[in-house]
Amino acid sequence: MNRKVMCWIGAVAFAALVGGCGGGQSQPTGQEQPAAASAAKKTVDMSTVGSISGTIKLDGTAPKYRPINMSADPYCVKANHGGVLPQEVVTGDGNTLANVVVYVKTGAEDYSFPTPTDSVTLDQKGCMYVPHVVALMVGQTLSVVNSDDTTHNIHPTPADNREWNKSQPPKAPPITDSFARPEVAIPVKCNVHPWMKSYIAVMANPYYAVTDTDGKFDLKNLPPGTYTIEAWQEKYGTQDQTVTIGNKEDKTGVDFTFKAGS
Amino acid sequence: MREAGNLNLHRFAVFTAFCTFLLLIAGALVTSNQAGLSIPDWPLAYGSAFPPMVGGIRWEWSHRLAAGTVSILTLMLAGWIWFRESRQWLRILGIIAFLLVIAQALLGSFTVKTFLDPPVSAAHATLAEIFFMTTIAIAVFTSSWWTSNEPQLRDEESPKLRTLTTWTSAIILVQIVLGAAFRHNAFGIIPHLIGAVVVTAMVFWVVLAVAVRFRKVKALRTPARYLEILLGAQLILGGFAYMAVLSAKNSIQPTPSYVIITVAHVAVGALTFAASVYLTLRCFRLLAPSGAVSAAVEAPRGVVS
């Protein structure tokens, strides 16, 4: 009798371990409707729109990086003569910062925006993600291509969206997917080549930009109003500014400066 | 005189335990190289049995190959014990070992399917140690020493060494769970540090108890000495491993030193657990249970078929 009870206890404990561990977190299915969609929302009157522009800079010295050791895959070594530096912090002339996502965080919630029909491409080239940071809208198609002659896996690790992990051998067709919820920013990694890291910023509205090495951004076609503008950088985090624009106003000089030590 | 068949069975059990240790190292290499999801599919790898051997795929595929090999070895061991052994409980232990390795393989597939969900990964690392302990136990139980007519000794002190070593092994296992949970980001380092203090205290208590109570019993002194040395090495490695983890936070990818130190910490941790389990089993074989009347009892623990 006791033996039987012990067996049942053991079986239940093991089932709880296996079942409980796997079911701890419910994952969004990716099929949900975009959160921004709502019938009651306004459309933007294009005769009143203005813009907000500025520059992102780094205060201080950018970290010094060594070339990435790609010896884990001979193809990657061959594809990058002279070595490649990590793209965690990329600066231009005048310490301007690249790969910063600048976007309207709040203030545009009352408007509805169609989901863009064109896709955003994330390439794997020379065993690096190109571009390092991509931005797209909720529901917009992300197309991941492999230009390399080696195998990659693409593994976004979102907090608020559905996680996935897919392999992509050389010459394989593009992998397409979309994200159901806004999220800045989703880390993407390749577990085959652990140095390969990228970020996907998923936006609720079309007012966003990813800076190039000149650090400049320009958020166009904004209706008059007061907005929280956020700048996100993968190492230095986020900064916010509240900006108000009037009818057809082009507000310039909305600059952000990240401290190198932060 | 011992039959050749049983000696071979013991040797095979030792070989299986050794291969399990290598499998633990292979698993640790996967984690340290951040290669756990380099093969998104399971049980196949990129839709085939032989994926391209580049980058993280090499670590993950080698781990899967080693796991498959150990599963086959365990099946063979369980079958061998089933048909060769007369001790019913040992036959059942062989079956349990096989069920454990199957459960471990399934848990391994869950780690892939749940994208290395921390509790699943920590459970995978923990079950690996429990399976390792089972293979060690089988190796001990199939040894000629276990089935010899060596007399049992009385343990006059309290707590009994049997109890003390059992608790020490259990606490080391808990400490390994805490380490695995930290390594797989289930929670922070503090519980693992507290565990290290408790394990150190328990091991010193055991070593002291063996030295005081059974100074001349080599069968206990030797494994206690190994346990002491392994714990010392593990504490030093733990310090280095934590520094390596902190340093890795700023690295673009795992460095060779990070991989070597963290894998060594996992490996020596497993050996420390093995030494403790070994000592515990020896205590159970050599020391009479509490309440035994005779000081030296002729008590063979198994019957060689």
Side-chain angles (χ1 to χ4, degrees), chain A residues 7 10-11 14-25 27 63 65-77 84-89 127-128 148-158 162-170 172 175 189-197 235, chain B residues 30-42 44-48 51-61 92 96 99-100 103-104 106-107 109-124 126-127 130 184-186 248-256 258-259:
Chain A
C7 285
F14 183 73
L17 174 76
V18 173
C21 290
Q25 191 181 358
Q27 293 285 347
Y65 292 103
R66 289 182 192 162
I68 298 168
N69 176 6
M70 296 188 178
S71 58
D73 189 337
Y75 169 83
C76 302
V77 176
V84 181
L85 294 175
Q87 294 191 293
E88 188 180 47
V89 178
C127 300
M128 297 290 282
D148 282 331
D149 203 15
T150 190
T151 296
H152 293 290
N153 77 296
I154 304 94
H155 179 203
T157 54
R162 175 180 51 88
E163 187 172 351
W164 50 269
N165 181 25
K166 295 174 184 174
S167 59
Q168 195 171 40
I175 293 169
K189 55 188 174 186
C190 172
N191 304 95
V192 178
H193 308 101
W195 63 85
M196 283 180 70
K197 291 182 175 75
K235 182 175 173 65
Chain B
V30 170
T31 304
S32 292
N33 282 292
Q34 298 173 7
L37 293 173
S38 58
I39 303 178
D41 49 339
W42 191 95
L44 291 175
Y46 290 81
S48 87
M53 288 298 154
V54 291
I57 298 172
R58 295 169 303 172
W59 303 113
E60 173 64 9
W61 189 81
I92 292 169
I96 288 172
L99 292 177
L100 281 176
Q104 177 68 345
L106 291 174
L107 211 44
S109 81
F110 282 135
T111 63
V112 174
K113 305 289 182 194
T114 61
F115 310 112
L116 303 184
D117 187 36
V120 179
S121 299
H124 186 55
T126 303
L127 194 57
I130 293 170
H184 294 282
N185 303 313
K249 287 194 168 131
N250 297 319
S251 299
I252 205 77
Q253 62 178 322
T255 58
Y258 167 80
V259 172

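Below, read A as the first sequence line, B as the second, and so on, with proteins coming before strands; counting in each chain starts at 1.
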Structural part of N33(B) lying under 4.5 Å from a heavy atom of chain A | backbone
Which residue out of I68(A), N153(A), V192(A), N69(A) racks up the most heavy-atom pairs below 4.5 Å with chain B?
-> V192(A)
With chain A, which of G55(B), P52(B), G36(B) has the greatest number of heavy-atom pairs at distances under 4.5 Å?
-> G55(B)
Could I get the full list of side-chain contact (heavy atoms from CB on, under 4.5 Å) partners for K197(A), not counting sequence neighbours?
-> none
Of all residues at least two apart in sequence or in a different chain, which pass the side-chain contact (heavy atoms from CB on, under 4.5 Å) check with E88(A)?
-> Y65(A), E234(A), K235(A)
Could you look at P51(B) and say if it's the side chain, the backbone, both or neither that has a heavy atom under 4.5 Å from chain A?
-> neither
In terms of heavy-atom pairs under 4.5 Å with chain B, the winner among T151(A), T157(A), T150(A) is T151(A)
Does any N or O in the side chain of N165(A) come within less than 3.5 Å of the main-chain N or O of L37(B), such that one atom is a donor and the other an acceptor?
-> yes
So, does W59(B) use its side chain to make a donor-acceptor pair with the main chain of S38(B) at under 3.5 Å?
-> no
D41(B) side chain to G47(B) main-chain N or O, any donor-acceptor pair under 3.5 Å?
-> yes
Toward chain B, the part of S167(A) with a non-hydrogen atom under 4.5 Å | both
